[in-house]
Protein chains: 2
Amino acid sequence: MDELDRKILEHIQHFGRSSYAEIGGAIGLSVSAVNERLKKLEKQGVIAGWTARVDPLAAGNGVLAFVYVLIERPEHEAAFQALVRSESAIQECHHVASDWSYLLKVRAPNLLALEELVARKIKALPGIPRSQTVIVMSTAKETATVPVHLSPA
Amino acid sequence: MDELDRKILEHIQHFGRSSYAEIGGAIGLSVSAVNERLKKLEKQGVIAGWTARVDPLAAGNGVLAFVYVLIERPEHEAAFQALVRSESAIQECHHVASDWSYLLKVRAPNLLALEELVARKIKALPGIPRSQTVIVMSTAKETATVPVHLSPA
DNA sequence: CATGAAATCAGATCGAT
DNA sequence: ATCGATCTGATTTCATG
(Lines give C-alpha, C1' and ligand atoms only; values in the text may rest on other atoms or scores of the structure.)
Protein backbone atom coordinates (compact mmCIF):
# COMPACT_ATOMS: atom_id res chain seq x y z
CA MET A 1 0.00 0.00 0.00
CA ASP A 2 1.88 2.98 -1.28
CA GLU A 3 0.99 6.36 -2.70
CA LEU A 4 -0.01 4.89 -6.06
CA ASP A 5 -2.34 2.38 -4.44
CA ARG A 6 -3.83 5.22 -2.47
CA LYS A 7 -4.47 7.23 -5.60
CA ILE A 8 -6.04 4.24 -7.31
CA LEU A 9 -8.40 3.68 -4.40
CA GLU A 10 -9.35 7.33 -4.24
CA HIS A 11 -10.07 7.33 -7.94
CA ILE A 12 -12.17 4.19 -8.17
CA GLN A 13 -14.22 5.24 -5.18
CA HIS A 14 -15.35 8.22 -7.23
CA PHE A 15 -15.44 6.55 -10.63
CA GLY A 16 -16.31 2.91 -10.14
CA ARG A 17 -16.66 2.12 -13.81
CA SER A 18 -13.33 3.56 -14.93
CA SER A 19 -11.34 1.50 -17.37
CA TYR A 20 -7.76 0.68 -16.52
CA ALA A 21 -6.69 3.22 -19.10
CA GLU A 22 -8.71 5.96 -17.43
CA ILE A 23 -7.31 5.13 -14.02
CA GLY A 24 -3.81 5.03 -15.36
CA GLY A 25 -4.24 8.35 -17.11
CA ALA A 26 -5.56 9.95 -13.96
CA ILE A 27 -2.72 8.88 -11.72
CA GLY A 28 0.15 8.49 -14.17
CA LEU A 29 0.55 4.76 -14.53
CA SER A 30 0.46 2.33 -17.41
CA VAL A 31 -2.55 0.14 -18.08
CA SER A 32 -0.78 -3.05 -17.13
CA ALA A 33 0.49 -1.61 -13.89
CA VAL A 34 -3.00 -0.51 -12.98
CA ASN A 35 -4.25 -3.98 -13.79
CA GLU A 36 -1.68 -5.62 -11.54
CA ARG A 37 -2.33 -3.30 -8.62
CA LEU A 38 -6.07 -3.59 -8.90
CA LYS A 39 -5.93 -7.37 -8.93
CA LYS A 40 -3.68 -7.31 -5.89
CA LEU A 41 -5.95 -4.92 -3.99
CA GLU A 42 -8.96 -7.08 -4.79
CA LYS A 43 -7.23 -10.26 -3.72
CA GLN A 44 -6.13 -8.62 -0.47
CA GLY A 45 -9.69 -7.57 0.17
CA VAL A 46 -8.83 -3.89 0.29
CA ILE A 47 -11.34 -3.54 -2.52
CA ALA A 48 -14.36 -5.29 -1.03
CA GLY A 49 -16.58 -4.97 -4.07
CA TRP A 50 -18.14 -2.65 -6.59
CA THR A 51 -21.55 -1.04 -6.38
CA ALA A 52 -23.91 1.40 -8.01
CA ARG A 53 -24.92 4.30 -5.84
CA VAL A 54 -28.68 4.51 -5.81
CA ASP A 55 -30.47 7.70 -4.78
CA PRO A 56 -32.43 6.72 -1.65
CA LEU A 57 -35.30 9.10 -2.30
CA ALA A 58 -35.71 8.04 -5.91
CA ALA A 59 -35.83 4.45 -4.68
CA GLY A 60 -38.77 5.28 -2.48
CA ASN A 61 -37.00 5.85 0.82
CA GLY A 62 -38.36 9.07 2.16
CA VAL A 63 -37.23 8.49 5.72
CA LEU A 64 -33.81 8.07 7.28
CA ALA A 65 -33.39 7.48 11.00
CA PHE A 66 -30.91 6.30 13.55
CA VAL A 67 -32.29 3.91 16.12
CA TYR A 68 -30.72 3.07 19.45
CA VAL A 69 -31.52 -0.32 20.90
CA LEU A 70 -30.98 -1.65 24.39
CA ILE A 71 -30.52 -5.38 24.78
CA GLU A 72 -30.72 -6.75 28.27
CA ARG A 73 -28.98 -10.09 28.14
CA PRO A 74 -26.51 -11.82 25.82
CA GLU A 75 -28.90 -14.63 25.08
CA HIS A 76 -31.15 -12.25 23.21
CA GLU A 77 -28.47 -11.12 20.85
CA ALA A 78 -28.81 -13.91 18.32
CA ALA A 79 -32.41 -13.21 17.39
CA PHE A 80 -31.64 -9.52 17.13
CA GLN A 81 -28.69 -10.09 14.84
CA ALA A 82 -30.80 -12.33 12.67
CA LEU A 83 -33.41 -9.61 12.32
CA VAL A 84 -30.74 -7.07 11.47
CA ARG A 85 -29.39 -9.30 8.77
CA SER A 86 -32.77 -10.05 7.25
CA GLU A 87 -34.07 -6.50 7.14
CA SER A 88 -32.78 -4.60 4.14
CA ALA A 89 -34.15 -1.42 5.68
CA ILE A 90 -31.44 -1.71 8.33
CA GLN A 91 -28.36 -0.48 6.54
CA GLU A 92 -26.02 -0.48 9.48
CA CYS A 93 -25.79 -2.00 12.92
CA HIS A 94 -23.04 -0.90 15.27
CA HIS A 95 -22.24 -2.03 18.77
CA VAL A 96 -21.63 1.22 20.59
CA ALA A 97 -20.01 2.35 23.79
CA SER A 98 -22.85 4.25 25.41
CA ASP A 99 -25.94 3.78 27.48
CA TRP A 100 -27.36 1.85 24.56
CA SER A 101 -26.29 -1.46 23.10
CA TYR A 102 -26.66 -0.88 19.37
CA LEU A 103 -27.05 1.94 16.94
CA LEU A 104 -28.91 1.22 13.72
CA LYS A 105 -29.09 3.22 10.53
CA VAL A 106 -32.49 2.66 9.01
CA ARG A 107 -34.20 3.68 5.78
CA ALA A 108 -37.91 3.38 5.14
CA PRO A 109 -40.48 4.70 2.68
CA ASN A 110 -42.28 6.73 5.35
CA LEU A 111 -42.74 7.15 9.08
CA LEU A 112 -45.39 4.46 9.16
CA ALA A 113 -43.01 1.90 7.76
CA LEU A 114 -40.34 3.03 10.20
CA GLU A 115 -42.69 2.59 13.11
CA GLU A 116 -43.66 -0.80 11.78
CA LEU A 117 -40.03 -1.88 11.84
CA VAL A 118 -39.11 -0.40 15.20
CA ALA A 119 -42.26 -1.05 17.20
CA ARG A 120 -43.52 -4.24 15.66
CA LYS A 121 -40.37 -6.06 14.69
CA ILE A 122 -37.46 -4.83 16.79
CA LYS A 123 -39.17 -4.11 20.08
CA ALA A 124 -41.22 -7.26 19.69
CA LEU A 125 -38.07 -9.28 20.25
CA PRO A 126 -37.41 -10.59 23.76
CA GLY A 127 -34.89 -8.71 25.87
CA ILE A 128 -35.37 -5.36 24.20
CA PRO A 129 -37.01 -3.12 26.76
CA ARG A 130 -36.21 0.18 25.12
CA SER A 131 -35.23 1.97 21.98
CA GLN A 132 -34.76 5.54 20.90
CA THR A 133 -35.26 6.86 17.41
CA VAL A 134 -33.48 9.89 16.01
CA ILE A 135 -35.16 11.17 12.86
CA VAL A 136 -33.00 12.75 10.16
CA MET A 137 -34.56 15.93 8.83
CA SER A 138 -32.02 16.59 6.12
CA THR A 139 -28.65 15.30 5.04
CA ALA A 140 -25.83 17.69 4.26
CA LYS A 141 -23.27 15.04 3.34
CA GLU A 142 -23.45 11.33 2.78
CA THR A 143 -20.69 9.35 1.18
CA ALA A 144 -19.40 5.83 1.52
CA THR A 145 -15.99 7.01 0.40
CA VAL A 146 -13.33 5.86 2.82
CA PRO A 147 -10.24 7.96 3.53
CA VAL A 148 -7.20 5.99 2.44
CA HIS A 149 -4.18 6.22 4.73
CA LEU A 150 -0.80 4.84 3.84
CA SER A 151 0.15 1.83 5.88
CA PRO A 152 3.47 2.16 7.70
CA ALA A 153 5.83 0.77 5.11
CA MET B 1 -39.88 2.31 -12.09
CA ASP B 2 -41.28 -1.18 -12.29
CA GLU B 3 -40.30 -4.61 -11.06
CA LEU B 4 -37.59 -4.98 -13.70
CA ASP B 5 -36.02 -1.66 -12.79
CA ARG B 6 -36.08 -2.76 -9.19
CA LYS B 7 -34.28 -5.98 -10.03
CA ILE B 8 -31.69 -4.13 -12.05
CA LEU B 9 -30.99 -1.74 -9.17
CA GLU B 10 -30.76 -4.56 -6.68
CA HIS B 11 -28.32 -6.38 -8.91
CA ILE B 12 -25.99 -3.54 -9.72
CA GLN B 13 -25.82 -2.53 -6.08
CA HIS B 14 -24.26 -5.91 -5.41
CA PHE B 15 -22.30 -6.28 -8.62
CA GLY B 16 -21.29 -2.85 -9.78
CA ARG B 17 -19.08 -4.06 -12.57
CA SER B 18 -21.58 -6.36 -14.24
CA SER B 19 -21.82 -6.15 -17.99
CA TYR B 20 -25.23 -5.59 -19.54
CA ALA B 21 -25.24 -9.24 -20.52
CA GLU B 22 -24.67 -10.37 -16.94
CA ILE B 23 -27.41 -8.13 -15.64
CA GLY B 24 -29.78 -9.33 -18.31
CA GLY B 25 -28.98 -12.94 -17.57
CA ALA B 26 -29.60 -12.43 -13.88
CA ILE B 27 -33.00 -10.85 -14.24
CA GLY B 28 -34.22 -12.28 -17.52
CA LEU B 29 -33.88 -9.43 -19.95
CA SER B 30 -32.05 -8.88 -23.19
CA VAL B 31 -28.87 -6.86 -23.42
CA SER B 32 -30.47 -4.06 -25.35
CA ALA B 33 -33.36 -3.78 -22.91
CA VAL B 34 -30.92 -3.59 -20.03
CA ASN B 35 -29.01 -0.94 -21.89
CA GLU B 36 -32.10 1.22 -22.36
CA ARG B 37 -33.26 0.88 -18.78
CA LEU B 38 -29.84 1.60 -17.34
CA LYS B 39 -29.47 4.72 -19.45
CA LYS B 40 -32.89 5.88 -18.34
CA LEU B 41 -32.13 5.24 -14.67
CA GLU B 42 -28.85 7.11 -14.95
CA LYS B 43 -30.44 10.06 -16.71
CA GLN B 44 -33.17 10.22 -14.09
CA GLY B 45 -30.53 10.25 -11.39
CA VAL B 46 -31.82 7.11 -9.75
CA ILE B 47 -28.34 5.75 -10.30
CA ALA B 48 -26.21 8.46 -8.74
CA GLY B 49 -22.84 6.93 -9.59
CA TRP B 50 -20.59 3.90 -9.38
CA THR B 51 -17.99 3.20 -6.72
CA ALA B 52 -15.57 0.67 -5.39
CA ARG B 53 -16.22 -0.45 -1.84
CA VAL B 54 -13.01 -0.08 0.13
CA ASP B 55 -12.47 -1.92 3.40
CA PRO B 56 -12.14 0.84 6.01
CA LEU B 57 -9.73 -1.07 8.22
CA ALA B 58 -7.49 -2.04 5.34
CA ALA B 59 -7.40 1.61 4.36
CA GLY B 60 -6.07 2.52 7.77
CA ASN B 61 -9.27 3.58 9.49
CA GLY B 62 -9.27 1.81 12.82
CA VAL B 63 -11.87 4.03 14.43
CA LEU B 64 -15.50 4.69 13.61
CA ALA B 65 -17.58 7.10 15.66
CA PHE B 66 -20.78 9.08 15.59
CA VAL B 67 -20.48 12.64 16.76
CA TYR B 68 -23.31 14.89 17.85
CA VAL B 69 -22.82 18.59 17.42
CA LEU B 70 -24.77 21.47 18.86
CA ILE B 71 -24.79 24.71 16.91
CA GLU B 72 -26.12 27.74 18.67
CA ARG B 73 -27.04 30.16 15.95
CA PRO B 74 -27.76 29.99 12.23
CA GLU B 75 -24.92 32.32 11.36
CA HIS B 76 -22.44 29.67 12.47
CA GLU B 77 -23.76 27.03 10.11
CA ALA B 78 -21.82 28.07 7.06
CA ALA B 79 -18.38 27.57 8.55
CA PHE B 80 -19.47 24.25 9.97
CA GLN B 81 -20.80 23.03 6.64
CA ALA B 82 -17.58 24.07 4.98
CA LEU B 83 -15.58 22.03 7.46
CA VAL B 84 -17.86 19.04 6.94
CA ARG B 85 -17.36 19.23 3.20
CA SER B 86 -13.61 19.57 3.41
CA GLU B 87 -12.96 16.77 5.88
CA SER B 88 -12.90 13.38 4.19
CA ALA B 89 -12.98 11.77 7.63
CA ILE B 90 -16.55 13.02 7.96
CA GLN B 91 -18.51 10.57 5.88
CA GLU B 92 -21.96 11.78 6.78
CA CYS B 93 -23.61 14.85 8.24
CA HIS B 94 -27.28 14.76 9.11
CA HIS B 95 -29.50 17.45 10.52
CA VAL B 96 -31.40 15.62 13.22
CA ALA B 97 -34.54 16.14 15.25
CA SER B 98 -33.16 15.86 18.76
CA ASP B 99 -31.45 17.85 21.45
CA TRP B 100 -28.52 18.11 19.08
CA SER B 101 -28.21 19.90 15.79
CA TYR B 102 -26.17 17.50 13.73
CA LEU B 103 -25.08 13.91 13.72
CA LEU B 104 -21.80 13.08 12.02
CA LYS B 105 -20.39 9.73 10.97
CA VAL B 106 -16.63 9.90 11.28
CA ARG B 107 -13.76 7.60 10.42
CA ALA B 108 -10.20 8.06 11.63
CA PRO B 109 -7.01 6.05 11.89
CA ASN B 110 -7.09 6.06 15.68
CA LEU B 111 -8.55 7.79 18.71
CA LEU B 112 -5.91 10.46 18.63
CA ALA B 113 -6.88 11.48 15.13
CA LEU B 114 -10.53 11.44 16.12
CA GLU B 115 -9.87 13.72 19.04
CA GLU B 116 -7.86 15.98 16.78
CA LEU B 117 -10.84 16.36 14.49
CA VAL B 118 -13.50 16.78 17.15
CA ALA B 119 -11.68 18.87 19.72
CA ARG B 120 -9.34 20.87 17.56
CA LYS B 121 -11.32 21.40 14.39
CA ILE B 122 -15.02 21.06 15.07
CA LYS B 123 -15.26 22.47 18.55
CA ALA B 124 -12.84 25.21 17.61
CA LEU B 125 -15.50 26.72 15.38
CA PRO B 126 -17.59 29.56 16.78
CA GLY B 127 -21.07 28.74 18.02
CA ILE B 128 -20.36 25.13 18.86
CA PRO B 129 -20.54 24.91 22.65
CA ARG B 130 -20.92 21.17 22.89
CA SER B 131 -20.51 17.83 21.21
CA GLN B 132 -20.94 14.22 22.16
CA THR B 133 -19.02 11.33 20.66
CA VAL B 134 -20.32 7.79 20.46
CA ILE B 135 -17.55 5.30 19.78
CA VAL B 136 -18.32 2.22 17.71
CA MET B 137 -16.83 -0.91 19.25
CA SER B 138 -17.79 -3.31 16.48
CA THR B 139 -19.95 -3.31 13.42
CA ALA B 140 -22.39 -6.15 12.77
CA LYS B 141 -23.71 -4.83 9.48
CA GLU B 142 -22.72 -2.02 7.20
CA THR B 143 -24.00 -1.64 3.69
CA ALA B 144 -24.72 1.28 1.42
CA THR B 145 -27.29 -0.81 -0.40
CA VAL B 146 -30.58 1.03 -0.61
CA PRO B 147 -33.90 -0.82 -0.50
CA VAL B 148 -35.71 -0.23 -3.77
CA HIS B 149 -39.44 0.29 -3.53
CA LEU B 150 -41.72 0.43 -6.51
CA SER B 151 -43.13 3.86 -7.16
CA PRO B 152 -46.90 4.00 -7.37
CA ALA B 153 -47.50 3.43 -11.05
C1' DC C 1 6.83 -0.96 -14.56
C1' DA C 2 6.18 0.06 -19.66
C1' DT C 3 5.29 -1.44 -24.23
C1' DG C 4 2.78 -3.61 -27.85
C1' DA C 5 0.07 -7.20 -29.91
C1' DA C 6 -3.76 -10.45 -29.61
C1' DA C 7 -7.98 -12.01 -28.25
C1' DT C 8 -11.93 -11.09 -26.04
C1' DC C 9 -15.62 -8.52 -24.69
C1' DA C 10 -18.71 -4.78 -24.22
C1' DG C 11 -21.81 -1.26 -25.67
C1' DA C 12 -24.58 1.17 -29.18
C1' DT C 13 -27.67 0.83 -33.02
C1' DC C 14 -31.12 -1.12 -36.04
C1' DG C 15 -35.21 -3.32 -37.82
C1' DA C 16 -38.68 -6.47 -36.47
C1' DT C 17 -42.14 -8.28 -33.22
C1' DA D 1 -41.07 -2.02 -24.69
C1' DT D 2 -38.27 -6.05 -25.90
C1' DC D 3 -35.60 -8.95 -28.72
C1' DG D 4 -31.84 -10.67 -31.61
C1' DA D 5 -28.18 -9.63 -34.55
C1' DT D 6 -24.52 -6.98 -36.13
C1' DC D 7 -21.00 -3.89 -36.12
C1' DT D 8 -17.51 -1.13 -34.23
C1' DG D 9 -14.51 0.14 -30.91
C1' DA D 10 -12.64 -0.48 -26.48
C1' DT D 11 -10.72 -3.36 -22.80
C1' DT D 12 -8.25 -6.76 -20.63
C1' DT D 13 -4.60 -9.86 -20.75
C1' DC D 14 -0.12 -11.59 -21.66
C1' DA D 15 4.54 -11.90 -23.24
C1' DT D 16 8.63 -9.25 -23.74
C1' DG D 17 12.20 -5.79 -22.63
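Naming convention: chains lettered A, B, ... in sequence-line order (proteins, then strands); numbering from 1 in each chain. The figures that follow rest on heavy atoms only: side chains count, while hydrogens, waters and symmetry mates do not.
- At a threshold of 4.0 Å, the pair A/E142-A/R107 counts as salt-bridged, since one of the basic side-chain nitrogens sits closer than that to a carboxylate oxygen.
- When heavy atoms are screened at a 4.0 angstrom cut-off, B/I23 is found touching no nucleic acid atom at all.
- Residue-environment remark: CG (B/D2) exceeds the threshold of 12 foreign heavy atoms within 6.0 Å.
- As a whole-Å value, the separation of A/L4 CG from C/dC1 P is 6 Å.
- Atom pair B/R37:CZ and C/dG11:C1' shows a separation of 18 Å (rounding to whole Å applied).
- Note that B/R130 lies in the cation-pi zone of B/W100, set by a 6.0 Å cut-off to the ring centre and a 45° limit from the axis.
- The side chain of A/K39 lies closest to D/dT13, out of C/dC1, D/dT13, D/dC3.
- Between B/Y20 and C/dC9 there is no side-chain polar atom (N or O) within less than 4.0 angstrom of OP1 or OP2.
- The phosphate of D/dA10 has neither OP1 nor OP2 within less than 4.0 Å of any side-chain N or O from A/S19.
- The separation between B/E36 atom CD and D/dG4 atom P is 14 Å, rounded to whole Å.
- Distance CG (A/L38) to C1' (D/dT13): 14 Å, rounded to an integer number of Å.
- Proximity of A/R17 to the phosphate of D/dT11: no side-chain N or O atom is located under 4.0 Å from OP1 or OP2.
- Here B/F80 and B/H76 keep their ring centres 6.0 angstrom or further from each other.
- Note on A/N35: a side-chain N or O is less than 4.0 Å away from OP1 or OP2 of D/dT13.
- What separates CG of B/L29 from P of D/dA1 is a distance of 12 Å, to the nearest Å.
- Heavy-atom distances to DNA chain D give each of A/S18 and B/G28 a nearest nucleotide, and the one nearer the 5′ end belongs to B/G28.
- Distance A/E3 CD to C/dC1 P: 13 Å, rounded to the nearest Å.
- Minimum interatomic distance between B/A52 and A/I47 (heavy atoms only, all atoms of both residues): CB-CG2, 4.4 Å.
- No N or O donor and acceptor, one from the side chain of B/S32 and one from the base of C/dG11, sit under 3.5 Å apart.
- In this structure, the CH2 atom of B/W50 is 14 Å from the P atom of C/dA10, given to the nearest Å.
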